[in-house]
Amino acid sequence: MCETGVKVEFEKKAFEQIRQNASQILNSDDAPDVMEYNKGNATSGLLASQGLLTNLNDYVSEYGWDKIITGSLADTGKYGEQGVMGSGDWCGITTGAVK
């Protein structure tokens, strides 16, 4: 448990497992709330084009992430309906911005 009282269940998977099964993992009743995944048109972009990523625009605005994460770092967290990185809605936050 963390200080907020939120229970966090951590599950470690190999990159290859996630790469091969990401769309199946996210398109299920047991989908994780948070998942680390490669950024790019062929990876996260594909998931975005399938409608499997959650729109985070409200959280980005609420927490001011769009003021902290800008330029090319911001692009890695945005994907449009066609799955093109740097366009559309915020679907993730790059690990490059985490300090």
Side-chain angles (χ1 to χ4, degrees):
M1 288 240 193
C2 39
E3 291 179 22
T4 62
V6 174
K7 182 180 178 187
V8 176
E9 292 181 27
F10 182 80
E11 185 175 331
K12 202 173 203 179
K13 297 254 187 223
F15 170 78
E16 198 59 29
Q17 285 178 291
I18 295 172
R19 189 189 66 76
Q20 290 178 357
N21 301 309
S23 60
Q24 292 173 339
I25 292 167
L26 293 174
N27 195 19
S28 76
D29 292 336
D30 295 327
D33 293 327
V34 177
M35 183 169 126
E36 185 171 6
Y37 195 59
N38 275 4
K39 295 95 180 142
N41 296 333
T43 50
S44 293
L46 178 61
L47 299 178
S49 71
Q50 295 171 345
L52 297 174
L53 301 182
T54 301
N55 179 320
L56 299 175
N57 290 340
D58 291 342
Y59 297 103
V60 169
S61 295
E62 180 180 343
Y63 295 107
W65 295 335
D66 53 341
K67 308 291 186 270
I68 300 166
I69 305 167
T70 59
S72 61
L73 283 179
D75 288 346
T76 63
K78 297 178 186 176
Y79 294 89
E81 290 180 9
Q82 300 300 313
V84 177
M85 183 173 73
S87 65
D89 297 318
W90 286 86
C91 300
I93 302 297
T94 178
T95 52
V98 177
K99 294 181 179 182

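As the structure is a prediction and not an experimental result, all values here were calculated from the model. Residue indices begin at 1 and follow the sequence shown.
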Show me the side-chain donor-acceptor pairs of residues 69-80 shorter than 3.5 Å, one per line, residues at least two apart or across chains.
| from | atom 1 | to | atom 2 | distance (Å) |
| --- | --- | --- | --- | --- |
| Thr76 | OG1 | Leu73 | O | 2.8 |
| Tyr79 | OH | Gly40 | N | 2.9 |
| Tyr79 | OH | Thr76 | O | 3.3 |

Output every pair passing salt bridge (charged side-chain N to carboxylate O under 4.0 Å, His left out) with a member in residues 9-28, not counting sequence neighbours, ordered by first then second residue.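 Listed once each, the pairs are Lys7-Glu9, Glu11-Lys13, Glu16-Arg19.
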Write out all pairs satisfying ring-ring contact (aromatic ring centres under 6.0 Å, His included) with one or both partners inside residues 4-49, taking only residues at least two apart or from two chains.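 Passing the test, one end in residues 4-49: no pairs.
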Pair up each side-chain donor or acceptor in residues 46-59 with any protein partner under 3.5 Å, not counting sequence neighbours, and list the distances.
| from | atom 1 | to | atom 2 | distance (Å) |
| --- | --- | --- | --- | --- |
| Ser49 | OG | Leu46 | O | 2.8 |
| Asn55 | OD1 | Asn57 | N | 2.7 |
| Asn55 | OD1 | Asn57 | ND2 | 3.3 |
| Asn55 | ND2 | Asp89 | OD2 | 3.1 |
| Asn57 | OD1 | Trp90 | N | 2.9 |
| Asn57 | ND2 | Asp89 | OD1 | 2.7 |

Just wondering, are more than 12 heavy atoms of other shown residues or ligands nearer than 6.0 Å to CD in Glu36?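 No, not enclosed.
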Locate the shortest heavy-atom distance separating Leu26 from Ala31; write the atom from each residue and the value.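 Closest approach of Leu26 to Ala31, heavy atoms only: O-CB, 3.6 Å.
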Pairwise distance CD1(Ile93) to CD1(Ile68) - rounded to 0.5 angstrom: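 Separation between the atoms: 9.5 Å.
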Quick check for you: to the nearest 0.5 Å, what is the distance between Met35 atom CE and Ile25 atom CD1?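 One finds 5.5 Å between CE of Met35 and CD1 of Ile25.
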So, Gln24 side chain and Asn21 main chain: donor-acceptor pair closer than 3.5 Å or not?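 No, Gln24 side chain to Asn21 backbone: no donor-acceptor pair under 3.5 Å.
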Apart from Val84 itself, what residues make up its hydrophobic cluster, given side-chain heavy atom links below 4.5 Å?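 Reading the cluster by chain and number, Val84 sits alone, since nothing else belongs.
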Among residues at least two apart in sequence or on other chains, which ones pass salt bridge (charged side-chain N to carboxylate O under 4.0 Å, His left out) with Glu62?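 With sequence neighbours excluded, Glu62 shows a salt bridge (charged side-chain N to carboxylate O under 4.0 Å, His left out) to no residue whatsoever.
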